[in-house]
Amino acid sequence: VIHLDDDHLQRLAEGDATDPHLETCHACRSEVAAYRRLAARLSNLQGLDPPPGIAAEVMRRIDAASAAPDAALALLVAGVVSLALMIATWPGGPDAWRVVQGLGLLARIVRGTLLAWSGVPLLATALVVLMAAVSIRQLMKESRP
Amino acid sequence: MAPIARADSASDAALAARGDRQAFSRLVERHQRAVYGLAARILGAGDDAREAAQVAFVRAWERRASFDPAREFGAWVLGIARNAAIDRLRHAGRLEALAESADDAQAADDALHDRRTENALDEAVAALPPIYREAVELAYVQGRSVAQIAQILQAPPGTVMARLFRARRLLRARLGDGA
């Protein structure tokens, strides 16, 4: 007796096909019945429960990622404005005190940017802009004759 | 096969694609079980699967503009989750575990041989190579059709069917004739 191949037996078990061979072959009927029992058991297989906090963590990461461009923009604006002002108020060539002031300004901008990336984006962005404005004002005052 | 809970994912997916975070948050709540379930079936339950699920949702948000509203959000995010889980397998140097080879099947046989418990079916599924586990998870736990699984796995339907055939054959061999 030539029996049905396994893929065909599975199709028969799934109800996707019919075959007259089953009417006369006990062995193949038993195989189909066994695959049907397996399918029934698999249908009762339980899903794996997710641990708590996945949704909250996903939204936290999304919020943090969207804050990064804000901080980068604040850095860019503050940097460009302060650089422009330093150039504009540089009357007589390099001056050691202004170089120190410029470095201080840059340090404060970098610190504000790091704060922005550590989870307080709006506050840090505002801080960066404020510090840049204060530094610029100071430089303007000092550059007056 | 279990029915698929789709609720009102379509409208939330359309809103999320336009940048609505509240809608996306609802989608995460609704689909986290399926996404984590697939990741856990590939990687094993635990921190790796949790991280893969989280990465998948973040990637889905980042790619929201490319989401086709004609598609089902659940299938789309499951495809991303599957890739995220495979990335983690690759990162851990376990990618060869995905390979469809006789060695894997033999290893799974060996692993199972000594640990028959009352929860034999769970054990038998857990001992399958990952490509069969994910097919079983999607077909039987999540109730997806072969066409949907093919879309999620980005594989031809014939390949999906072949994996399900092989998975069932292996499971029967391990569970015995009572299946």
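Below, chains carry the letters A, B, ... as their sequence lines are ordered, and counting in each starts from 1.
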Examine B:F67 and B:F24 and state if one hydrophobic cluster contains both, with Ile, Leu, Val, Met, Phe, Trp and Tyr joined whenever side-chain heavy atoms are less than 4.5 Å apart.
yes

Distance-minimising heavy-atom pair for A:A39 and B:Y140:
O-CE2, 4.1 Å

Spell out, as yes or no, whether a donor-acceptor pair under 3.5 Å connects the side chain of A:Q10 to the backbone of B:F165.
yes

Electrostatic pair A:D6-B:R168, nearest N-O below 4.0 angstrom:
no

So CG of B:L121 and CG of A:L38: to nearest 0.5 Å the spacing works out to 7.0 Å

Assess whether a salt bridge exists between B:R172 and A:E31, defined as any Lys/Arg side-chain N lying under 4.0 Å from an Asp/Glu carboxylate O.
yes

In short, B:V55 meets A:R61 closest at the heavy-atom pair CG2-NH1, 4.1 Å

Go through the steps for A:Q46 and B:V141 under the test side chain to side chain contact (heavy atoms under 4.5 Å, CB included), then give the verdict.
CA-CA 6 Å; A:Q46 294 299 305; B:V141 179; over 6 Å; no

Would you say the side chain of B:R169 lies within less than 4.5 Å of the side chain of A:D7, judging by non-hydrogen atoms?
yes

What pair of heavy atoms forms the shortest contact from A:P50 to B:Y36, and how long is it?
CA-CD2, 3.3 Å

Structural part of B:V35 lying under 4.5 Å from a heavy atom of chain A
neither

Contacting moiety of B:L164, where chain A heavy atoms sit under 4.5 Å
backbone

Could you walk me through whether B:R41 and A:L45 pass the side chain to side chain contact (heavy atoms under 4.5 Å, CB included) check?
CA-CA 12 Å; B:R41 200 65 77 177; A:L45 197 62; 4.2 Å; yes

Whether the side chain of B:R21 engages the backbone of A:M59 through a donor-acceptor N/O pair (distance < 3.5 Å, no angle test) should be reported.
no

From B:R50 atom CZ to A:I54 atom CD1, the distance as rounded to the nearest 0.5 Å:
5.5 Å

Is B:I152 reachable from B:L89 through a run of I, L, V, M, F, W or Y residues, each pair having side-chain heavy atoms under 4.5 Å apart?
yes

Just verifying a value: how many Å separate B:L175 CG and A:R37 CZ, rounded to the nearest 0.5 Å?
11.5 Å

Name the atoms and distances for all side-chain donor-acceptor pairs under 3.5 Å in residues 57-65 of chain B, with sequence neighbours left out.
{"residue": "B:R59", "atom": "NH1", "partner": "B:D87", "partner atom": "OD2", "Å": "3.1"}
{"residue": "B:R59", "atom": "NH2", "partner": "B:D87", "partner atom": "OD2", "Å": "3.1"}
{"residue": "B:R64", "atom": "NH1", "partner": "B:W61", "partner atom": "O", "Å": "2.8"}

Heavy atoms from other residues, nucleotides or ligands near CG of B:D47 exceed 12 (cutoff 6.0 Å)
no

